[in-house]
Amino acid sequence: MSVAVVGAGAFGTALAISLARKGPVTLWARDPANMAEARENTARLAGCPFPEPLILTGDLAQAANAGILLIAVPTQKLRGFLEANKILLASKTLVACCKGIELATGAGPVTVVADVVPNAVPAILTGPSFARDIARGLPTALTLACADDKTGQHLQQQLTTANLRLYRTTDTIGAELGGALKNVIAIACGTAMGAGLGESARAALMTRGFAEMQRLAAHLNADPQTLSGLSGFGDLTLTCTSEQSRNYCLGLSLGQGTRFNPNTTVEGAATAKAVHLLAQESALDLPITAAVAGLLENRLDVATAMRDLLARPLKEE
Ligand SMILES: NC(=O)C1=CN([C@@H]2O[C@H](COP(=O)(O)OP(=O)(O)OC[C@H]3O[C@@H](n4cnc5c(N)ncnc54)[C@H](O)[C@@H]3O)[C@@H](O)[C@H]2O)C=CC1
Ligand SMILES: O=C(CO)COP(=O)(O)O
């Protein structure tokens, strides 16, 4: 079955470049003109030329000729994109390539796809990977989650490349939660590092953040094993420790009190608010997520957030 990538941001472009190394792949962009001339996405992924088999198009109908569509638009834009194009996308295998929880509904990307295009087969591709690493052909391992295991096996075969190794699960809820929540914890870690609180504080936030991820996952009936895999623990590790991460960098600027470019895609910002709301509705204790939401909504400053976290009642690990 042929593959197309829909959405030519950094991640969509990188996936298309990677897949084009093993055969023809179509990349749909809202505005392909500059990329067509340069054969490169200079705005989002400069320095990574398109391989010859990458077919760039601005015509979504052309991309939708493929049976498998990788949808790489930010989570908060996913529903609108699907609504606008659901006739073209009907009956396709739609693989969400985004990490977040929808602010308006508390739903993850797979649920959003299933909601809007009920006759499509939904899946998600997630895990530790910077777009530039994938585009450069560096070794990367990701999680492919699809509730229908037969389709999952097919996707795993189709989307694995020489450098991009996919593991498979049927636990779509666990996979989407891992990818969404690690961004929130990365903002917390960046904030701590930016404020000069040190690497021990970061390790504590990563570990207790992981406990929050597991708590929410259990509440939503995800498989705890999934959170320990690439889409959870793996991506948490990458995102909380690298200045290549936009979520981590937003945190750094919060900690340092410096300006951050508001046009940057930082999925953890809306997700922190969405998950904080969800936790309040379900009486779940997610203190790091609550602190990140408070910082982003200017209800808290860094010193107060840290003091509050340290002053919580002592408990068993
Ligand atoms: N950049 C990275 O290293 C990685 C990103 N991701 C995930 O990929 C998703 C996309 O992120 P990036 O590609 O990095 O963001 P980006 O900021 O580079 O690009 C976002 C793209 O979405 C397009 N877009 C926005 N709204 C749209 C709409 N309504 N309809 C159609 N297209 C629309 C924009 O034109 C842009 O091309 C995010 O969920 C992110 O978490 C996942 C792994 C790695
Ligand atoms: O998801 C990513 C790495 O796995 C990319 O992280 P950022 O969105 O924080 O840049």
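All ligand and atom numbering here is 1-based and tracks the order in the structure. Just so it is clear, the structure is predicted and the values come from calculations on it, not from any experiment.
Each of the atoms 4 (O) of ligand 2 lies under 4.0 Å from some heavy atom of Gly127. Here is the list of ligand 1 atoms found below 4.0 Å of a heavy atom in Phe130: 3 (O). Taking a cut-off of under 4.0 Å to the non-hydrogen atoms of Ser245, the atoms of ligand 2 that pass are 7 (P), 9 (O), 10 (O). Short contacts between ligand 2 and Asn247, defined as distances under 4.0 Å to a heavy atom of the residue, involve ligand atoms 7 (P), 8 (O), 9 (O). Against a heavy-atom cut-off of under 4.0 Å, Cys98 is close to the following atoms of ligand 1: 39 (O). Atom numbering of ligand 1 starts at 1 in the shown order; those under 4.0 Å from a heavy atom of Phe81 are 30 (N), 31 (C). Near Ala131, with a cut-off below 4.0 Å to any heavy atom, the atoms of ligand 1 are 1 (N), 2 (C), 3 (O). Against a heavy-atom cut-off of under 4.0 Å, Lys99 is close to the following atoms of ligand 2: 1 (O), 2 (C), 3 (C), 4 (O).
Contacts between Pro128 and ligand 2 below 4.0 angstrom, taking non-hydrogen atoms only, involve the backbone exclusively. Using a 4.0 Å cut-off between heavy atoms, Glu267 makes no contact with ligand 2 at all. By the criterion of a heavy-atom distance under 4.0 Å, neither the backbone nor the side chain of Glu243 is placed next to ligand 2. If you look at Leu238 next to ligand 2, the close heavy atoms, those under 4.0 Å, all belong to the side chain. Under 4.0 angstrom from ligand 2, the non-hydrogen atoms of Asp235 all belong to its side chain.
The closest protein non-hydrogen atom to atom 16 (P) of ligand 1 is Arg44 NH1, 3.4 Å. When only non-hydrogen protein atoms are considered, atom 37 (O) of ligand 1 lies nearest to Gly9 N, 3.1 Å. Looking at atom 39 (O) of ligand 1, its nearest protein heavy atom turns out to be Glu267 OE2, 2.5 Å. The single protein non-hydrogen atom nearest to atom 1 (N) of ligand 1 is Arg246 NH2, 3.1 Å, given as residue, atom name and distance. Among protein heavy atoms, atom 8 (O) of ligand 2 sits closest to Arg246 NH2, 3.0 Å. From the protein, the heavy atom lying nearest to atom 3 (C) of ligand 2 is Ser129 O, 3.2 Å. Annotation: atom 23 (C) of ligand 1 to nearest protein heavy atom, Arg30 NH2, 4.1 Å. Remark: minimum distance from atom 18 (O) of ligand 1 to any protein heavy atom is reached at Ala10 N, 2.9 Å. Considering only non-hydrogen protein atoms, atom 32 (N) of ligand 1 sits nearest to Val73 CG1, 3.4 Å. Taking atom 13 (O) of ligand 1 as the reference point, the nearest protein heavy-atom neighbour is Phe11 N, 2.9 Å.
Nearest to atom 26 (N) of ligand 1 by heavy-atom distance, out of Lys182, Lys77, Arg79, is Lys77. Residue Cys97 holds the heavy atom nearest to atom 9 (C) of ligand 1 of all those in Ala72, Cys97, Gly179. Residue Ser129 holds the heavy atom nearest to atom 44 (C) of ligand 1 of all those in Ser129, Ala14, Ala84.
Residues Arg312 and Asp285 are paired through a salt bridge, judged by an N-O separation under 4.0 Å between the basic side chain and the carboxylate.
In this structure the side chain of Leu164 reaches within 4.5 angstrom of the side chain of Leu142, judged on heavy atoms. The closest side-chain heavy-atom distance from Gln244 to Asp133 is below 4.5 Å. Put simply, the side chain of His154 reaches to within 4.5 Å of the side chain of Gln158, judged on heavy atoms. Within the 4.5 Å cutoff, the side chain of Cys97 has heavy atoms near those of the Leu15 side chain. The closest side-chain heavy-atom distance from Ser242 to Tyr248 is not below 4.5 Å.
Shortest non-hydrogen contact noted between Ala131 and Ala14 is O-CB, 3.2 Å. Residues Ala188 and Val292 approach most closely at CB-CG2, 3.7 Å, considering heavy atoms. The two atoms that bring Cys146 and Pro122 nearest to each other are SG-O, 3.7 Å, heavy atoms only.
In this structure, Gln225 places its CD atom where only 12 or fewer heavy-atom neighbours from other residues, nucleotides or ligands lie under 6.0 Å away.
Of the inter-residue distances, the one linking Ile71 atom CD1 with Leu78 atom CG reads 6.5 Å to the nearest 0.5 angstrom.
Under a 3.5 Å cut-off, the side chain of Arg202 and the backbone N or O of Cys240 do form a donor-acceptor pair. Using modelled atom types, one side-chain atom of Gln76 and one backbone atom of Ile101 make a donor-acceptor pair closer than 3.5 Å. With hydrogens and angles ignored, the 3.5 Å screen pairs no side-chain donor or acceptor of Lys86 with any backbone N or O of Val116. Gln156 places a side-chain N or O within donor-acceptor distance of the main-chain N or O of Leu166, the cut-off being under 3.5 Å.
Taking any N or O of Tyr248, backbone or side chain, none lies under 3.5 Å from an N or O belonging to ligand 2.
Shown are Asn247, Asp235, Asn183, Thr75; of these, the side-chain hydrogen bond (donor to acceptor under 3.5 Å, both in side chains) with Lys99 is made only by Asp235. Only one option out of Asp149, Thr143, Thr160 pairs with Arg168 in a side-chain hydrogen bond (donor to acceptor under 3.5 Å, both in side chains); it is Asp149.
Using a non-hydrogen distance threshold of 4.0 Å, Pro74 registers as a contact of ligand 1. Under a 4.0 angstrom heavy-atom cut-off, Gly80 registers as lying outside contact with ligand 1.
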